[in-house]
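Below is one structure; the comments refer to it alone.
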Amino acid sequence: MSAPVVIVGTGLAGYNLAREFRKLDSETPLVLITADDGRSYSKPMLSTGFGKNKDADGLSMAEPGAMAEQLKAEVRTHTRISGIDPGHKRLWIGEEAVNYRDLILAWGAETVRVPVQGDAADLIFPINDLEDYARFRAAAAGKRRVLLLGAGLIGCEFANDLILGGYEVHLVAPCEQVMPTLLHPAAATAVQAGLESLGARFHLGPVLNRLQRVADGLEAHLSDGQVIACDLVVSAIGLRPRIDLAAAAGLVVNRGVVVDRHLKTSHANIYALGDCAEVDGLNLLYVMPLMSCARALAQTLAGNPTAVSYGPMPITVKTPVCPLVVSPVPRGREGEWHVEGQGADIKALCRDAQGNLLGYALTGAAVMEKLALNKELPPLLA
Ligand SMILES: Cc1cc2nc3c(=O)[nH]c(=O)nc-3n(C[C@H](O)[C@H](O)[C@H](O)COP(=O)(O)OP(=O)(O)OC[C@H]3O[C@@H](n4cnc5c(N)ncnc54)[C@H](O)[C@@H]3O)c2cc1C
């Protein structure tokens, strides 16, 4: 048998690439390898599970066996690759070597962890895949009070969703506003006020130093001296592209695994896409870019070399209490922000000296304007 196309990862990047590839090539042997259980699910739905009343099984869309059949592929679950040997076109799973024709890294990003003192660090839950989510749901059953670490996009989405699920939520983050790297302060104020109107309590500035078991739950000791009573902690303090195995194999890495517009790494026959990939300098941890990459890379793997390009890619944040759509200013562009509206309905627009729209943040009723504004936005990767 000729060596297969091997995809590492069965997240949205891995499975969508496999699907796009099979539209073009139904014959080449295809193997998908994943460290998790290989169920197909949409990760963005993890922060809507309580509002939609769905547990981990409810969010799963297909078992790995069904995916294997649909994709005419072998899907190896609970299998962690441990090394890559680009010189011999093979990878390692412990002692086992697997040869590849082409290798695609779609192994995602991992949650950033911070050290916390105390005897209850095991009650800090990262939620970055369906199995994490199942563990969290099991631990949260019958509990009432959740402390959320991080006030970024994912922290705010979980805050909204957990409150819909009936939990009391405290957010702790060492920044001055929610979504600091993403959002104009006026829009951040609107989102925070929306979450507060639901009952969320924000503690912006301090970090969690110590988490301790007490008689009726946990005590979270913050760096500013506050002590918050809670039952468990969700960590949403950020994601870091997985690069270690790639670096160890001699592939060029930066923030992510470095690839060109053809999604090719610094080694022949090895490609990357999704959260782990830095595409022409851009590491975007969202679904839209990985879908564009999957379509382009499928063409390349099927013998038709195709470069990826990104149009505008605004992000819809799932905080139903205060709808939010944001399109950050592309790298290397500078402009001035103008803010209109008040309260929950904010329209913040960034324009360059010529008046061209570079980015925006829309909240509340202002999100209605997104379609018109999207037409004016510059592409992210022309
Ligand atoms: C709560 C939440 C909400 C989100 N909401 C949105 C949203 O609304 N809109 C949006 O655009 N984006 C959203 N995102 C981001 C989006 O979900 C991700 O960008 C996308 O799912 C990444 O897909 P991926 O396939 O690259 O990575 P992943 O889904 O992380 O998949 C990685 C795969 O690689 C496997 N793997 C890792 N290491 C190894 C190894 N050594 N060996 C074998 N397998 C390995 C894993 O098991 C897994 O199968 C959200 C993310 C989160 C966490």
Side-chain angles (χ1 to χ4, degrees), residues 6-19 31-50 59 64 67 75-84 91-94 96 98 103-112 125-133 136 148 150 152-162 182 234-246 248-249 256-257 263 272-279 283-294 297 310 313-320 323-327:
V6 176
I7 301 174
V8 184
T10 55
L12 288 171
Y15 272 145
N16 276 298
L17 172 65
R19 219 174 263 129
V31 177
L32 287 96
I33 300 174
T34 178
D36 62 27
D37 62 19
R39 290 194 286 180
S40 166
Y41 74 105
S42 177
K43 189 185 284 198
M45 297 298 111
L46 295 182
S47 47
T48 64
F50 286 97
L59 292 174
M67 294 306 292
V75 179
R76 294 185 60 173
T77 59
H78 295 301
T79 303
R80 186 171 288 279
I81 81 152
S82 49
I84 305 168
L91 57 84
W92 295 101
I93 301 165
E96 178 194 354
V98 176
L103 173 64
I104 297 93
L105 311 179
W107 60 34
E110 62 201 358
T111 41
V112 172
F125 292 83
I127 306 181
N128 187 33
D129 61 35
L130 198 57
E131 290 178 312
D132 285 347
Y133 190 66
F136 169 69
L148 258 161
L153 182 157
I154 291 173
C156 288
E157 289 190 353
F158 276 126
N160 201 145
D161 197 47
L162 285 164
L182 194 62
V234 170
S235 176
I237 57 175
L239 292 167
R240 188 184 296 126
R242 294 193 174 99
I243 56 173
D244 294 355
L245 287 179
V257 178
L263 293 323
L273 81 165
D275 281 5
C276 67
E278 182 175 320
V279 183
N283 170 236
L284 302 174
L285 306 177
Y286 301 105
V287 177
M288 266 169 87
L290 75 78
M291 298 297 261
S292 299
C293 289
L297 182 51
Y310 296 158
M313 293 186 165
I315 301 152
T316 300
V317 181
K318 301 181 295 297
T319 44
L324 165 65
V325 184
V326 54
S327 187

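Only this structure's heavy atoms are used, side chains among them; waters, hydrogens and symmetry mates stay out. First listed ligand is number 1; within each ligand, the first listed atom is number 1.
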Would you check, one step at a time, whether the test side chain to side chain contact (heavy atoms under 4.5 Å, CB included) holds for Ile93 with Arg80? CA-CA 6 Å; Ile93 301 165; Arg80 186 171 288 279; over 6 Å; no
Counting from 1 in the order shown, the ligand 1 atoms closer than 4.0 Å to a non-hydrogen atom of Thr79 are 42 (N), 43 (C)
Suppose we measure from atom 42 (N) of ligand 1 to each protein heavy atom; which comes out shortest, and what is that distance? Ile81 N, 2.9 Å
When you measure from atom 22 (C) of ligand 1 to each heavy atom in Asp244, Leu153, Asp275, Ile84, which option holds the nearest one? Asp275
What protein heavy atom sits nearest atom 50 (C) of ligand 1, and how far away is it? Pro44 CA, 4.2 Å
Should you measure from each heavy atom of Ser47, which atoms of ligand 1 turn up under 4.0 Å away? 1 (C), 3 (C)
Residue selection (non-hydrogen contact nearest atom 5 (N) of ligand 1) among Lys318, Arg39, Lys43: Lys318
Quick one: nearest non-hydrogen protein atom to atom 52 (C) of ligand 1, plus distance? Ile154 CD1, 3.6 Å
Within the distance-only criterion (no hydrogens, no angle test), does the side chain of Asn283 pair as donor or acceptor with the backbone N or O of Asp275 below 3.5 angstrom? yes
Counting from 1, what ligand 1 atoms have a heavy atom of Gly11 closer than 4.0 Å? 25 (O), 29 (O), 31 (O), 49 (O)
Tell me, please: is Tyr15 in heavy-atom contact with ligand 1, that is, under 4.0 Å? no
Counting each atom of ligand 1 from 1 as listed, which ones have a heavy atom of Gly9 under 4.0 Å away? 33 (C), 34 (O), 35 (C), 49 (O)
Tell me which protein heavy atom sits closest to atom 37 (C) of ligand 1, plus the residue, atom name and distance to 0.1 Å. Trp107 O, 3.3 Å
For Thr77, is there any backbone N or O sitting under 3.5 Å from a side-chain donor or acceptor partner on Thr79? yes
Of Leu32, Asp36, Asp161, which has the heavy atom at the shortest distance from atom 48 (C) of ligand 1? Asp36
Residue, atom and distance of the protein heavy atom nearest atom 23 (O) of ligand 1 read Leu290 CD2, 3.7 Å
In Å, rounded to the nearest 0.5 Å, how long is the span from SG of Cys276 to CG of Leu239? 12.5 Å
Atom 25 (O) of ligand 1 [closest protein heavy-atom partner, distance rounded to 0.1 Å]: Ala13 N, 2.9 Å
Is there a side-chain contact between Leu32 and Pro64, using heavy atoms and a 4.5 Å cut-off? no
Around atom 44 (N) of ligand 1, find the nearest protein heavy atom and jot down its residue, atom name and distance. Ala35 N, 3.1 Å
Is a side-chain donor or acceptor of Lys43 paired with a backbone partner of Asn128 at a separation under 3.5 angstrom? yes
Ignoring hydrogens, what is the shortest heavy-atom contact between Gly94 and Ser82? Give both atom names and the distance. N-OG, 2.8 Å
Within ligand 1, which atoms have a heavy atom of Phe158 less than 4.0 Å away? 1 (C)
The salt bridge (charged side-chain N to carboxylate O under 4.0 Å, His left out) partners of Lys318 (sequence neighbours excluded) come to Glu157
Can you tell me if Asp161 uses its side chain to pair, donor with acceptor, with the backbone of Gly49 under 3.5 Å? yes
Looking at Met45, I want to see if its CE is surrounded by more than 12 non-hydrogen atoms of other residues, nucleotides or ligands under 6.0 Å. yes
Closer than 4.0 Å to some heavy atom of Glu157 - which atoms of ligand 1 meet that? 3 (C), 5 (N)
Using heavy atoms and a threshold below 4.0 Å, how should the contact between Leu285 and ligand 1 be classified: side chain, backbone, both, or neither? backbone
Any Ile93 heavy atom less than 4.0 Å to ligand 1: no
Do any N or O atoms from the side chain of Tyr15 and from the backbone of Gly38 form a donor-acceptor pair under 3.5 angstrom? yes
Closest protein heavy atom to atom 27 (O) of ligand 1, given as residue, atom name and distance to 0.1 Å: Gly108 CA, 3.5 Å
Note: ligand 1 atoms sitting under 4.0 Å from heavy atoms of Leu12 are 21 (O), 25 (O)
Ile127-ligand 1 polar pair, N/O distance under 3.5 Å: no
Heavy-atom nearest neighbour of atom 46 (C) of ligand 1 within options Thr34, Leu130, Thr10, Leu245: Thr34
Which of the atoms in ligand 1, numbered in the order shown and given with their element, are less than 4.0 Å from a heavy-atom of Ala106? 32 (C), 33 (C), 34 (O)
If I apply the N/O under 3.5 Å rule, does Val8 come out as touching ligand 1? no
Region of Ser82 engaging ligand 1 - heavy atom pairs below 4.0 Å: neither
d(Leu91 CG, Ile33 CD1) to nearest 0.5 Å is 5.0 Å
Does a side-chain heavy-atom distance below 4.5 Å link Val317 with Val326? yes
Of all heavy-atom pairs between Phe158 and Ser47, which one has the smallest distance, and what is that distance? CE2-CA, 3.7 Å
Mind checking what makes salt bridge (charged side-chain N to carboxylate O under 4.0 Å, His left out) contact with Glu96, not counting sequence neighbours? Arg76
